[in-house]
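Proteins get letters first, then strands, A, B, ... in listed order; numbering begins at 1 in each.
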Protein chains: 2
Amino acid sequence: MKIGELANATATNVETVRYYEKISLLAPPARSASNYRSYSNEHLARLSFIRRARDLGFALEAVRELLTLSDDTGQSCEAVDQIASAHLAEVERKIDDLSALRSELTRVIGSCRHGTIADCKIIESLAPTPQLKGAAQ
Amino acid sequence: MKIGELANATATNVETVRYYEKISLLAPPARSASNYRSYSNEHLARLSFIRRARDLGFALEAVRELLTLSDDTGQSCEAVDQIASAHLAEVERKIDDLSALRSELTRVIGSCRHGTIADCKIIESLAPTPQLKGAAQ
DNA sequence: CTTGACCCTGTAGTTGCTACAGGGTGTAGA
DNA sequence: TCTACACCCTGTAGCAACTACAGGGTCAAG
């Protein structure tokens with residue numbers, strides 16, 4: 001199949017497919033007489049795997065490792081579990097960070113009395129020790 | 001004060017300070033005889049504002065707008081409120097996305113029976129229609 | 001007078017794409 | 001047959017927000 005069909009089948013951008021080939025995440029396919037890329041079902045399966053992993057938020061380097069591991073069917077899946085767990089931990093860390101951010105933003109926005117900038121509690125909470133402004137250097 | 005002192009006072013990287021100057025977020029300071037940057041307290045206040053806004057997750061372009069607005073003390077703070085609220089909405093969207101991701105990852109990892117890759121539920125949940133593998137192209 | 005900490009400019013790297021520019025190919029309709 | 005159009009090719013530059021050099025200069029202490 002041609003690159004456009006593959007891209008379509010996996011909801012991927014054509015440029016992204018070529019990018020994956022460039023960084024050796026996807027093997028270079030055969031070429032037609034007119035130099036068009038010609039993909040096999042193996043390529044389709046591989047790209048689908050990549051897409052699914054990306055949808056789960058895995059970094060490209062993690063996807064690369066997962067792909068390698070998935071080929072080594074006899075090995076224990078400990079390494080896979082480890083990559084996924086590390087990723088989950090990272091996701092949880094981000095959620096915690098963003099939740100703290102949300103609280104703070106909600107608080108700051110909630111204090112806004114919708115007056116002028118001079119009285120704006122949002123600006124105030126950003127401006128540190130405003131009395132310094134214009135002071136000697 | 002010199003760039004190192006300013007950086008220290010605001011928990012910022014020296015390179016980041018120069019970067020902010022380059023993108024015109026921070027005004028170019030005076031220079032010493034030996035061409036060292038020499039910052040005023042105004043610069044300190046400005047950079048502290050930037051840092052605080054960045055800590056709250058505002059994009060640099062949003063910070064730029066907030067800085068401009070903060071100088072216009074007579075104006076209504078509606079625009080400020082709007083920027084902050086839009087940012088909060090974005091943060092909430094990200095939290096939702098990550099929460100969904102967490103659920104899915106937890107489910108996938110939880111199904112792992114710690115056997116071989118061939119039986120690995122994590123790999124399986126990434127691999128789409130695995131029976132296609134190696135099929136004709 | 002040398003060592004070390006600091007400062008300077010400018011450029012390239014990071015992640016994961018996306019968007020051209022400037023070409024070639026293939027097919028369907030007038 | 002011509003031509004329009006959708007698709008394909010390579011290569012490079014751009015995005016956010018820094019970070020990390022390379023290859024220099026400055027300054028104070030010992």
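Minimum atom distance to the side chain of B:Y36 is reached by D:dG25, of the listed D:dG25, D:dC8, D:dT12.
Judged purely by atom type and a 3.5 angstrom limit, B:S85 has no side-chain atom pairing as donor or acceptor with the backbone of B:Q82. For the pair B:R113 (side chain) and B:C120 (backbone), a donor-acceptor distance under 3.5 Å is absent. With hydrogens and angles disregarded, a donor-acceptor distance shorter than 3.5 Å links the side chain of B:T106 to the backbone of B:R102. Counting only distance, with no hydrogens or angles, the side chain of B:E5 and the backbone of B:K2 share a donor-acceptor pair below 3.5 Å. A donor-acceptor pair under 3.5 Å is formed between the side chain of B:H43 and the backbone N or O of B:A27. Formation of a donor-acceptor pair under 3.5 Å by the B:R51 side chain with backbone atoms of B:T12 is not found in this model. Panel note: side chain A:H87, backbone A:L56; a donor-acceptor pair is recorded below 3.5 Å. Between the side chain of A:S111 and the backbone N or O of A:I109 there is no donor-acceptor pair closer than 3.5 Å.
Mapping A:K2 and B:T16 onto DNA chain D by nearest heavy atom places A:K2 closer to the 5' end of the strand. Both A:R31 and B:F58 lie near DNA chain D, and the one whose nearest nucleotide falls closer to the 5' end is A:R31. Nearest-nucleotide assignment on DNA chain C puts the 5′-proximal partner with B:E5, out of A:R51 and B:E5.
Summarising the geometry, the separation between NZ on B:K22 and P on D:dA16 is reported as 14 Å, rounded to the nearest angstrom. Taking atom CG of B:N35 as the reference point, atom P of D:dG25 lies 13 Å away to the nearest angstrom. The CD atom of A:E15 sits 12 Å away from the C1' atom of D:dC7 (whole-angstrom rounding). When rounded to the nearest whole Å, the span between CG of B:D55 and C1' of D:dA17 equals 14 Å. Rounded to an integer number of Å, the gap from B:R64 CZ to D:dA17 C1' is 12 Å.
Between the two ends of the helix from C:dC1-D:dG30 to C:dA30-D:dT1, each summarised by a five-pair axis, the helix axis turns through 20° (rounded to 10 degrees).
Nucleotides of DNA chain C with any atom under 4.0 Å from a heavy atom of chain B span, from 5' to 3', C:dC6 to C:dT11.
As judged by a 4.0 angstrom heavy-atom cut-off over every strand, B:I23 is placed among residues making no nucleic acid contact. Looking at heavy-atom distances under 4.0 Å, A:R18 makes contact with a base.
OP1 or OP2 of D:dC27 sits under 4.0 Å from a side-chain N or O of B:S34.
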Working note: A:S99 + A:D96, criterion side-chain hydrogen bond (donor to acceptor under 3.5 Å, both in side chains); need CA distance, chi angles, decisive distance, verdict.
CA-CA 5 Å; A:S99 298; A:D96 289 350; 5.3 Å; no

